[in-house]
There are 2 protein chains.
Amino acid sequence: MSDVAKLAGVSTATVSRTLQNPETVKEETRQKVFKAIKALDYMPNVLARQLRRMETKTILVVVPNIENNVFSQIVGGIDAVANERGYKVLLGNTNHRVEKIYDYIDHFKQRQVDGMIVLLSNLPDPVLQDLANEFPIVVTPDAKATVEVSTVTLDNVESGKRATDHLLKLGHRRIAHISGTLDITSSQDRLQGYQQAIVEGGYFVDHTLIKEGDFTFSSGFEAMSALLNTSVPPTAVFCASDEMAMGAIKSIKSRGLKVPDDIAVVGFDNIKFSEVFEPTLTTMAQPLFQMGKKAMTVLIERINNEALEEQHFIYQAELIVRESCGVIFR
Amino acid sequence: MSDVAKLAGVSTATVSRTLQNPETVKEETRQKVFKAIKALDYMPNVLARQLRRMETKTILVVVPNIENNVFSQIVGGIDAVANERGYKVLLGNTNHRVEKIYDYIDHFKQRQVDGMIVLLSNLPDPVLQDLANEFPIVVTPDAKATVEVSTVTLDNVESGKRATDHLLKLGHRRIAHISGTLDITSSQDRLQGYQQAIVEGGYFVDHTLIKEGDFTFSSGFEAMSALLNTSVPPTAVFCASDEMAMGAIKSIKSRGLKVPDDIAVVGFDNIKFSEVFEPTLTTMAQPLFQMGKKAMTVLIERINNEALEEQHFIYQAELIVRESCGVIFR
DNA sequence: TTGTACGCGTTATCAG
DNA sequence: CTGATAACGCGTACAA
């Protein structure tokens with residue numbers, strides 16, 4: 001920077017000003033400085049700027065598993081807004097090991113990041129609360145209502161309800177549910193929506209028709225197998241993830257039964273392969289990319305102190321009707 | 001830091017030393033310092049350290065599309081080693097827009113990152129070469145031989161050959177190939193391997209059996225449709241990606257033909273859904289996570305100047321035999 | 001409108 | 001083994 005100042009015949013302060021507040025520098029001087037910058041191919045040292053400003057223009061995204069398409073889609077949305085607004089995205093993979101997040105928390109204390117977006121951490125409430133009180137944080141897409149922190153979530157109750165409603169409308173009465181791991185709110189809510197739909201439809205919830213899975217293909221397969229082993233198997237299943245829905249369908253097929261003719265299936269997520277799978281999957285599509293964008297936008301507001309109160313944004317899932325639930329394609 | 005020094009009754013220099021080179025500090029002093037650090041809950045300001053040391057312990061990963069499972073698996077491997085070695089991973093999504101990488105290059109010049117791993121950028125050779133001469137860079141999983149830079153790649157020629165060989169061994173003589181976009185080396189190499197296998201088997205390459213796709217499901221579908229419209233369709237197809245293989249199979253099925261009975265299919269990548277798809281996909285599995293780990297390991301060596309010459313690591317893909325090519329499961 | 005001078009919090013050097 | 005001190009490169013009161 002001093003080289004630039006020398007070449008332009010001004011002080012380093014003027015160079016700095018030209019870069020930070022060009023309007024406070026006389027047009028003529030500004031030109032001289034820019035010319036010197038070009039001539040020397042000068043780039044400011046961001047490290048020094050960061051130290052001076054105590055900000056990094058970097059945000060941390062804590063994700064359980066980047067290889068999971070649901071998360072990578074959200075990260076895609078975050079990244080889009082981050083780029084647009086001049087922020088860098090630091091990736092923190094926890095590999096589902098909660099302890100790892102404590103390493104990332106240190107980044108805050110060391111001022112290495114200006115804010116943080118937490119994707120589905122099973123962080124204990126008090127820890128998260130303390131952190132949220134002190135630093136800009138946004139939680140998505142699964143957040144507990146017990147913590148005061150900004151969130152971007154899906155209306156999982158309504159989504160579960162609509163998925164189940166769809167099956168009810170198709171005439172099904174014995175509808176099973178294969179849930180996600182019930183330690184996370186989304187799973188609980190989807191289950192609740194499922195139950196609400198049944199009750200509001202005027203029927204009774206049969207708890208033997210509810211199985212807990214863990215979002216994976218194999219857990220869907222096994223849960224469905226268990227359901228098929230009962231004396232009166234269901235005629236339809238609502239699964240809390242597309243992967244589990246595919247597992248369930250594989251199980252149904254392995255018994256020589258057909259989807260949707262014998263058993264109708266609705267999934268959740270609308271992953272890429274839900275339209276490649278046979279039968280193509282009826283599913284609830286989450287606007288993951290949008291949610292990622294929103295999370296980043298909200299975070300920036302908090303970083304800039306534009307939003308003092310915590311905010312909650314709730315998105316609706318869209319029912320995508322394909323072959324696995326019958327009717328339309330029959 | 002000065003507070004800690006005061007409380008411990010030493011100078012800030014000693015506090016710094018205690019943190020950086022504990023062995024150069026007397027046991028007794030060290031204890032005092034640690035006690036003061038604990039008492040004040042002190043954390044070093046990493047920004048200042050970075051400024052002083054001119055290093056960030058951060059590396060940049062430039063990826064065309066983080067939502068693509070092939071890339072996110074590699075990133076997973078990079079992340080694993082990075083964590084272990086105390087590096088942070090900055091994510092640079094280019095969304096397939098080459099220009100965007102120039103923004104990231106500025107990060108180097110601004111000393112915001114210590115090194116960079118480039119996943120499949122279509123960066124012009126001279127630009128990449130200049131960059132590689134000046135900064136620590138590793139390219140993976142697709143690298144042009146024309147640039148002197150460290151690379152971690154797959155032996156795509158051998159992989160294409162083995163995939164095709166497998167089909168030859170099953171008795172197929174009219175084997176088609178649906179390639180990836182031919183502007184990248186991997187695609188060219190897989191195509192070359194396909195041709196080599198046919199020639200070495202004593203047969204002739206029929207160029208009407210070669211179609212260029214772009215790795216996507218739909219391009220596989222269309223390429224296969226074109227192949228099926230010829231007077232003498234192939235009896236087997238080797239696709240340069242699993243997605244294209246699935247598209248091809250969908251096309252075959254849509255004509256009322258069966259896989260593998262009428263046409264055998266081999267894919268590439270071994271994505272998650274290749275074992276869920278029906279029929280399950282025979283495919284070439286790339287050790288993506290391993291390759292990511294290796295890329296990061298090599299990059300760290302370069303950052304530390306342990307490796308002065310550029311290095312090239314080549315991995316082999318593994319043939320995973322499933323239903324789509326016939327025989328085994330018949 | 002511009003320059004001077006200080007400080008951000010570390011770490012490296014050198015002397016003791 | 002430890003302390004004093006000078007950078008690292010920038011941004012910003014304050015003075016001119």
Side-chain angles (χ1 to χ4, degrees), chain A residues 1-37 39-58 86 88 106-114 304, chain B residues 1-37 39-58 86 88 106-114 303-305:
Chain A
M1 181 152 150
S2 66
D3 292 345
V4 174
K6 211 166 290 169
L7 183 60
V10 298
S11 74
T12 59
T14 300
V15 177
S16 177
R17 267 191 291 261
T18 308
L19 259 25
Q20 300 309 313
N21 312 84
E23 68 282 5
T24 69
V25 176
K26 189 165 54 167
E27 168 70 20
E28 191 192 327
T29 319
R30 209 186 307 158
Q31 297 306 333
K32 279 194 298 186
V33 172
F34 279 133
K35 227 173 91 183
I37 287 176
L40 297 173
D41 196 21
Y42 163 79
M43 294 219 95
N45 181 314
V46 178
L47 266 35
R49 173 178 298 168
Q50 286 174 355
L51 174 61
R52 190 56 237 245
R53 297 230 255 237
M54 280 304 180
E55 66 169 24
T56 59
K57 284 284 182 183
T58 303
K88 284 143 280 166
D106 283 348
H107 285 349
F108 264 130
K109 306 201 169 147
Q110 297 168 165
R111 320 221 73 89
Q112 295 198 63
V113 294
D114 298 343
N304 297 338
Chain B
M1 181 153 150
S2 65
D3 292 344
V4 173
K6 212 166 290 171
L7 183 60
V10 297
S11 72
T12 58
T14 300
V15 176
S16 177
R17 265 190 293 261
T18 307
L19 260 23
Q20 299 310 313
N21 312 86
E23 70 281 3
T24 68
V25 176
K26 193 165 52 167
E27 169 70 22
E28 194 192 324
T29 319
R30 210 187 305 158
Q31 296 306 333
K32 279 193 298 187
V33 173
F34 279 132
K35 228 174 87 183
I37 287 175
L40 298 173
D41 195 22
Y42 162 80
M43 294 217 98
N45 180 314
V46 179
L47 267 35
R49 171 179 300 167
Q50 287 175 354
L51 172 61
R52 188 57 236 232
R53 295 233 256 234
M54 281 305 190
E55 66 169 25
T56 59
K57 284 284 179 182
T58 302
K88 284 143 280 165
D106 283 348
H107 285 349
F108 264 128
K109 304 198 171 148
Q110 297 168 168
R111 320 221 74 88
Q112 295 199 61
V113 294
D114 297 344
I303 289 173
N304 298 337
N305 280 316

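So you know, we letter chains A, B, ... as the sequences are listed, proteins then strands, and number each from 1.
Within residues 5-21 of chain A, the residues approached by DNA chain D to less than 4.0 Å at the level of any non-hydrogen atom are A:Ala13, A:Ser16, A:Arg17, A:Gln20, in residue-number order.
Distance CD (A:Glu27) to C1' (C:dT2): 16 Å, rounded to an integer number of Å. Distance CD (A:Glu55) to C1' (D:dT12): 15 Å, rounded to an integer number of Å. Separating the CD atom of A:Gln50 from the P atom of C:dT10 is a distance of 15 Å, rounded to the nearest angstrom.
Around the CD atom of A:Glu28, the shell of radius 6.0 Å holds no more than 12 heavy atoms that belong to other residues, nucleotides or ligands. For B:Lys57, the NZ atom counts as densely surrounded, since its 6.0 Å shell holds more than 12 non-hydrogen atoms of other residues, nucleotides or ligands.
Going from atom CZ of A:Arg52 over to atom CG of A:Leu47 covers 15.5 Å, rounded to the nearest 0.5 Å. Between atom OG1 of residue A:Thr58 and atom CD of residue A:Gln50 there is a gap of 6.0 Å, rounded to the nearest 0.5 Å. Once rounded to the nearest 0.5 Å, the distance linking CZ of A:Arg111 with CG of B:Asn45 reads 8.0 Å. Separation of atoms CD1 (B:Ile37) and CG (B:Asp3) is listed at 12.0 Å; rounding is to 0.5 Å.
Applying the ring pair (Phe, Tyr, Trp, His ring centres under 6.0 Å) rule to A:Phe108 yields the partners A:Phe135; only residues at least two apart in sequence or on another chain are considered.
Within the 4.5 Å cutoff, side-chain heavy atoms of A:Leu19 are placed close to those of A:Tyr42.
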Polar atom pairs between nucleotides 6-9 of chain C and protein, under 3.5 Å, N or O only, would you list them?
| unit_1 | atom_1 | unit_2 | atom_2 | d |
| --- | --- | --- | --- | --- |
| C:dG7 | N2 | A:Arg52 | NH1 | 2.9 |

